[in-house]
Amino acid sequence: MGEYGRKMVEGNVDELIAELNKAYADEWLAFFYYKTAAELAEGLNHEAVADKFNEIADEELHHAEELAERIGQLGGEVIREFDEIKAQANCKNVNIPKDPTDLKGFLKAGIEAEQCAIKVYEKLLKQLKNDYKDSITFHVIRHIMQEEVEHEDDFETLLG
Ligand SMILES: [Fe+2]
Ligand SMILES: [Fe+2]
């Protein structure tokens, strides 16, 4: 982003970029774990569960792209090293069950992961409104959070 776009943000832009990078790391990890869950799921009716993990994984990757775009606009740079992705993430693990036929366990892991993401974005939205007063990033994060809420609901629906 140009100089004026950066100045539009109140508060510490570098801190905001760091927060966005932590969320960026979360999205990469969610993508990785959900693709892995889709691959590992076995047993009766595992297709529906695998399809859902694949579908949501693609949306998480898209979230990473949206965050990356905003980080760039703010004059920041995305995390370059995968070690740093793991180190900086807020939500570091999706607890995929050892038993690949434990599909309920898979879905519960997905729900937990979505709840972690929702909490992160809820906090970030408050900061964007009250501290950074950054309506553009607010809009991006609100859109992402809305999809996280849908993901949680999708997993819950499959869990039954
Ligand atoms: Fe996401
Ligand atoms: Fe999600």
Side-chain angles (χ1 to χ4, degrees), residues 1 9 13 15-41 45-74 76-97 100 102-129 131-132 134-160:
M1 177 189 286
V9 180
V13 180
E15 270 175 35
L16 174 57
I17 289 166
E19 289 297 329
L20 295 176
N21 253 322
K22 286 166 79 69
Y24 175 77
D26 291 333
E27 296 294 351
W28 269 108
L29 287 184
F31 171 74
F32 167 78
Y33 281 113
Y34 289 179
K35 282 284 176 192
T36 303
E39 199 55 48
L40 293 175
N45 299 327
H46 75 278
E47 288 93 347
V49 172
D51 286 353
K52 185 51 76 183
F53 272 104
N54 266 322
E55 181 193 314
I56 295 181
D58 291 342
E59 292 190 6
E60 309 302 8
L61 188 59
H62 189 235
H63 294 164
E65 289 165 357
E66 288 172 289
L67 289 162
E69 189 185 4
R70 189 62 191 140
I71 288 165
Q73 286 173 354
L74 288 167
E77 195 179 79
V78 291
I79 297 167
R80 291 175 181 229
E81 299 297 333
F82 202 82
D83 289 353
E84 283 300 307
I85 292 283
K86 187 77 176 179
Q88 293 192 33
N90 300 291
C91 309
K92 293 189 193 292
N93 294 96
V94 177
N95 297 309
I96 300 172
D102 179 12
L103 298 177
K104 277 188 194 293
F106 276 64
L107 293 168
K108 282 180 188 160
I111 290 167
E112 265 178 39
E114 295 300 334
Q115 288 173 347
C116 184
I118 291 165
K119 279 181 203 153
V120 168
Y121 288 129
E122 226 177 5
K123 188 174 159 218
L124 194 49
L125 279 181
K126 273 189 199 141
Q127 291 173 330
L128 286 163
K129 187 163 178 262
D131 305 329
Y132 298 112
D134 175 356
S135 59
I136 298 173
T137 308
F138 185 92
H139 181 81
V140 173
I141 299 299
R142 192 169 62 177
H143 154 77
I144 293 175
M145 188 169 121
Q146 187 182 329
E147 292 196 346
E148 310 303 7
V149 168
E150 285 167 20
H151 295 164
E152 184 200 20
D153 190 54
D154 283 358
F155 283 136
E156 278 181 3
T157 303
L158 269 180
L159 187 62

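If you're wondering where the values come from, they're calculated on a predicted model, not measured in any experiment. Read the numbers this way: they start at 1 and go in the same order the structure lists the ligands and their atoms.
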Chemist: Check whether any side-chain heavy atom of Y121 sits under 4.5 Å from a side-chain heavy atom of I144, and report yes or no.
Modeler: yes

Chemist: Would you confirm whether N54, through its side chain, and A38, through its main-chain N or O, come within 3.5 Å as a donor-acceptor pair?
Modeler: no

Chemist: Testing Y34, Y33, W28 one by one against F31 for a side-chain contact (heavy atoms from CB on, under 4.5 Å), which residue passes?
Modeler: W28

Chemist: Considering the Fe ion (ligand 2), could you give the total of protein N/O/S atoms lying closer than 2.8 Å?
Modeler: 5

Chemist: What heavy-atom pair brings L40 and P100 nearest, and what distance separates the two atoms?
Modeler: O-CB, 3.3 Å

Chemist: Among residues two or more places apart or on two chains, list those pairs meeting salt bridge (Lys or Arg N to Asp or Glu O under 4.0 Å) that have a residue in residues 49-67.
Modeler: K35-D58, K52-E55, K52-D154

Chemist: Name whichever N, O or S atom of E27 ends up nearest to the Fe ion (ligand 1).
Modeler: OE1

Chemist: Only one of Q88, K86, R80 clears side chain to side chain donor-acceptor pair (under 3.5 Å) with E84; which?
Modeler: Q88

